[in-house]
Amino acid sequence: MIRQIPNSDANIPFYMDPDQIPKTYDARAAEQRWYPFWEENRFFVADPDSEAEPFCIVMPPPNITGSLHMGHALTNSLQDVIIRWRRMQGFNTLWLPGTDHAGIGTQNVIERQLAEKNLHRKDIGREKFEQITWEWKQSAEQTIHYQLRKLGYSCDWTRVAFTMEPRMSRAVNEVFVRLYEDGLIYRGEYIVNWCPRCTTAVSDLEAQHQPEQGKLYYIRYPLEGSGESVTVATTRPETMLGDTAVAVHPEDERYAPLVGKIIRLPLLSRKIPIIADTLVQREFGTGAVKITPAHDPNDYQAGLRHQLPQVQVIGETGTMTVAAGPYAGLSREAARRRVLEDLRAQGFLVREEAHTLSVAHCQRCNTVIEPLVSTQWFVKIAPLAQPAIEAVESGHIRFIPANYEKVYFEWMRNIHDWCISRQLWWGHRIPAWYCEACGRMLVTRNTPARCPQCGNENLLQDPDVLDTWFSSGLWPFSTFGWPDQTSELAVFYPNSVMMTGFDIIFFWVARMIMMGIYCMKEVPFPLVFLNGLVRNEQKQKMSKSKGNAVDPLEIIDQYGADAVRFTLAVMSGAGTDIVFSTDRMIGYRAFANKIWNAVRFLLINLPDQTPAVSREEIKRMLAASPVSIANLWILHRLNSAVRQVNAYLEKFRFDEAGNTLYHFFWHELCDWYLELTKPVLAQKQGPDYHQTVKVLVYTLDNSLRALHPVMPFITEDLWQRLPHQGQSICIASYPAADKAFENQKAEEELNELIDFVTAVRTVRSENNLDPARKMVLELLAGKESRQRLESYRPAIMALARLNEIRTVDAFAENGNRLKGFSEIGPFALLLDSTIDVKTEAERLKKEIQKLEEEIERHSARLSNEEFLRKAPPKVVEGAREKQSELSEKLKKFTVELRRLEQ
RNA sequence: GGGCGCUUAGCUCAGUUGGUCAGAGCGCCUGCCUUACAAGCAGGAGGUCGGUGGUUCGAGCCCACCAGCGCCCACCA
């Protein structure tokens, strides 16, 4: 029978008949089948009018600079796990997807494309450039959305957002104007980080410092009117052309007489003063520093203190200005070489020594940052930072892992004003206009018609755009239509949790917190979960710029989306990076196959027309009639696994949640329970058979639902074939623990059975007995043990491959027997051939030695009076019990060994 | 210069408030195509938890120092 899935690709057959279901899981088919089904049935669409408790995550919008990489797959897989889990728990769940225009990043992408055609953006003009970039945005966004769907993410596509769409611009302008009116945005001339290649200012965060091997050059500056001179040390000799002073420490006795004297700057012969300023460190270099206010942040400040002129010798594109005199027109680098040559030739270069320095590079293009004085817009950050710090201090926002709170505080407490203007073409235009007639500046929400001062209608908008993170910072509320008071905003702000990479705490998280509190008077989210980075197998950070980024689609193609998701989830420990490992992918692909075959096993054994089994039905069954140990046990273990998984997900412990599910499903459900049901299923009738079918259906149904948030495709694909209630596993309920299923006794008894079967298998394996060969087993057992055995008998016979179990009061002396020990009692496997006495004795000796060592450790503890006196009674008692258990076992082993050696 | 973190089986890592925690997965060794699954099944080997000292009846787990390694922030020419 082939069932047709509504809205799904008709070319992919969906077999219901167990005989037709393939033996291996076909991930591609399941993925193609179910995503359209989910989306078209609107399972992921949130309803702001719902009565249910809201649960909302706004997706960190990926940059439209390109396609998604494994880092996106990681953070979004974790988000989808949480979102799907909460949705199944009945929350009114919203995961809002979107993309970021990524101002400088995207502009660079387009500029590189133009460069391939030997074009500069100025060749085509701003309008054309914006048009091309919008076209790029369309295609990049399409690719990203496709990738997100392939990964199975359950986002609400009816609410997809983009940071530069009109409603976002409205929010951006609103915030800008409010901040301006509150005096928190100002415009002015300051020294900023300037990228000469991007020809824009960048923020401190975008200036990335890298250690570089350079030189410290000692240059002699002659004093005016005397033969004396002062030697300064610098790593950037070309900036001497812009020197307007030399500074010494005010308490430096060596230079005290020189303060106030005039120096004649070499090469340019400019007269500059010697000043005293505490910025100078006496121990460094010569204790005398050249001051270049136009090209160094420290010197800039010193220049202001001493009213020094600023001589800009390096221009916006990194070439020397006319102020550099004979060096004008040279690049920074060429100018440095020429200056050094000339200094050397004229005897001013005293010496040079190796020196490691920290050089700032543009985050986007890696060009060396040039500090330049220019007119920019700034956000006054301290008043915004203060409440943002308090929000975390007071616990209104918590970080997971918690130690990132320290990182956050460290940065927030030392924060500088934020340069938000960029001399770029791709971004939100700054909502400021200048009157061409009177020069009046207007900061307004909407484009003004005329100058309120002089009535002139010729107003020019500020050509700059905003730092891309300005709009990202509004994401938790701008996506809901703010500044309008929409119902979405009322329901979904604050968001429930912010999940993102730790590398953008400062860029993004901190700014969202500041902006959220400022605009909404309320924190944007109570919880920040930070995931690690994805590294390659050489532990290097995976990134597009390094060229080692991996497209998730390729990996999905090889292992299936569910295996990729499971691997990422289970590998993301608390706050640690994850090392991308194909071995793990292979392992979890195998897990998917295991799940596939477990369900296939059930379907093969399932009578036609078996109905779905509810929790209430199982509870009634437990209350009404005797149920086999195996059934009691698996219900107990499922319940326990479910309880743990829920607890782990509450704590965002994806690794533990994944491991719990994996271990339960494979090593409890498949390894033991399914094996235990085989003899029962073979009966085809009787109360145990009917109960077992029910428990199997119930257990697999619940297991699939428990696994669904991590492995959505395979679980839906299988669940649809099981007897089930409801349209899709996506909106089925998530399993929850229930005390009615707890059964410690079943656990103990089944552990006893497992111990017994394992003991028999061990004996067989260590004596190289054919695993397939059926054997006769004798069990030396008292009354109680015999009773126990009866309930296990068929299971043990099947699992240990026995054709008979005899209970005896003593082992007969005739015939060959292999002895073993279990918690139930000593047993013997009957052999028709001679056993290797020596091998068997060796084995026993080894066991005995192990036991003796363990007993030794315990008696040492128990003979320690202080342990007995100070340790909690529970611990002492536990140790005593263990001790007697071990001694008992040792006795049996010793007896057997002695008998063997006779 | 500040701050954060890591060092546990060959590899990648778990080890929550100190007392069955010395664990998992992969890899390795042995034997099996046992009618759900060879992307499988059964059995097994392997670590004095970086070093030293301390606190404690008891320490991968707490403290100190030492030795490696990594990351973040920072205006030292």
Side-chain angles (χ1 to χ4, degrees), chain A residues 18 21 23-25 191 204-205 209 216-217 232-236 239 247 279-281 283-286 288-292 296-301 355 357-358 360 371 401 403-404 406-407 409-411 414 416 502-503 505-506 533 537 539 541 559 563 570-571 573-579 581 583-584 586-605 651 653 655-656 659 662-663 670-671 674-675 678 757-758 761-766 768-772 798-799 801 854 858 861 864-872 874-876 878-879 881-882:
Chain A
I21 298 174
K23 287 175 108 174
T24 51
Y25 169 54
I191 192 156
D204 292 346
L205 279 174
H209 293 263
L216 195 56
Y217 299 95
V232 300
T234 181
T235 55
R236 302 194 54 199
T239 63
L279 111 140
V280 180
Q281 301 223 337
E283 316 77 49
F284 191 91
T286 60
V289 188
K290 57 191 275 313
I291 299 293
T292 321
D296 181 277
N298 281 321
D299 296 3
Y300 177 80
Q301 295 300 334
H355 183 74
L357 60 157
S358 165
N403 56 299
Y404 281 112
K406 284 187 190 170
V407 177
F409 287 137
E410 188 66 20
W411 188 73
N414 298 303
H416 294 315
F502 72 84
D503 52 327
I505 291 181
F506 308 141
L533 263 41
E537 311 220 20
K539 294 207 176 184
K541 180 179 171 178
Y559 307 101
V570 86
M571 287 189 74
T576 55
D577 290 347
I578 83 168
V579 178
S581 156
D583 283 351
R584 295 296 290 265
I586 292 168
Y588 294 119
R589 182 181 60 187
F591 180 50
N593 205 48
K594 192 75 184 174
I595 298 168
W596 182 259
N597 279 290
V599 174
R600 205 166 64 88
F601 167 77
L602 171 59
L603 293 174
I604 288 168
N605 289 286
K651 293 190 288 187
R653 287 303 302 261
D655 54 340
E656 297 285 14
N659 280 327
Y662 180 92
H663 184 265
C670 291
D671 285 355
L674 293 189
E675 294 302 325
K678 284 178 182 174
V757 171
T758 307
R761 282 172 176 170
T762 306
V763 171
R764 294 180 68 129
S765 170
E766 290 189 344
N768 290 322
L769 297 175
D770 181 357
L799 295 177
R801 301 206 156 258
E854 210 173 334
H858 280 269
R861 266 176 107 193
N864 183 336
E865 276 183 37
E866 291 204 88
F867 170 71
L868 298 177
R869 209 169 62 235
K870 293 187 181 172
K874 220 172 94 186
V875 173
V876 178
E881 269 175 33
K882 183 82 189 172

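Note that the structure is a prediction, hence the values are computed from the model and not measured. Basis for what follows: all heavy atoms, side chains included, without hydrogens, waters or symmetry-related copies. So that the names make sense, note that chain A is the first sequence line, chain B the second, and so on, each numbered from 1.
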Protein-nucleotides 62-64 of chain B N/O pairs closer than 3.5 Å?
none

Distances under 3.5 Å between protein N/O atoms and the N/O atoms of nucleotides 43-49 of chain B, please, pair by pair.
| unit_1 | atom_1 | unit_2 | atom_2 | d |
| --- | --- | --- | --- | --- |
| B:G43 | O2' | A:Ser765 | OG | 3.1 |

Reading 5' to 3' through nucleotides 4-10 of chain B, protein heavy-atom contacts under 4.0 Å coded B for base, S for sugar-phosphate only, - for none: SS-----
Under 4.0 Å protein heavy-atom contacts per nucleotide of nucleotides 16-21 of chain B, with B for base, S for backbone only and - for none: ---BB-
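Applying the ring-ring contact (aromatic ring centres under 6.0 Å, His included) rule to A:Phe601 yields no partners; only residues at least two apart in sequence or on another chain are considered. Residues passing the side-chain contact (heavy atoms from CB on, under 4.5 Å) test with A:Asp204 are A:Asn193, A:His416, sequence neighbours excluded. Taking A:Glu410 as the reference, A:Asn414 meet the side-chain contact (heavy atoms from CB on, under 4.5 Å) condition, with sequence neighbours excluded. Listed by chain and residue number, nothing satisfies the ring-ring contact (aromatic ring centres under 6.0 Å, His included) test with A:Phe409 (two or more places apart in sequence, or in another chain). The side-chain contact (heavy atoms from CB on, under 4.5 Å) test applied to A:Val599 returns A:Leu603, A:Leu700, A:Leu704, A:Leu718, A:Leu722, not counting sequence neighbours. Applying the side-chain contact (heavy atoms from CB on, under 4.5 Å) test to A:Asn593 and every residue at least two apart in sequence or in another chain returns A:Thr24, A:Tyr25, A:Trp596, A:Asn597. With sequence neighbours left out, the ring-ring contact (aromatic ring centres under 6.0 Å, His included) criterion links A:His209 to no other residue.
One cannot find a donor-acceptor pair under 3.5 Å joining the base of B:A24 and the side-chain atoms of A:Glu656.
Comparing B:C41, B:A77, B:G15 by their closest approach to the side chain of A:Thr234 singles out B:A77.
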Bracket string, RNA chain B, 5' to 3' - pairs by Watson-Crick or G-U geometry under 3.5 Å, | interstrand: (((((((..((((.....[...)))).(((((.......))))).....(((((..]....))))))))))))....
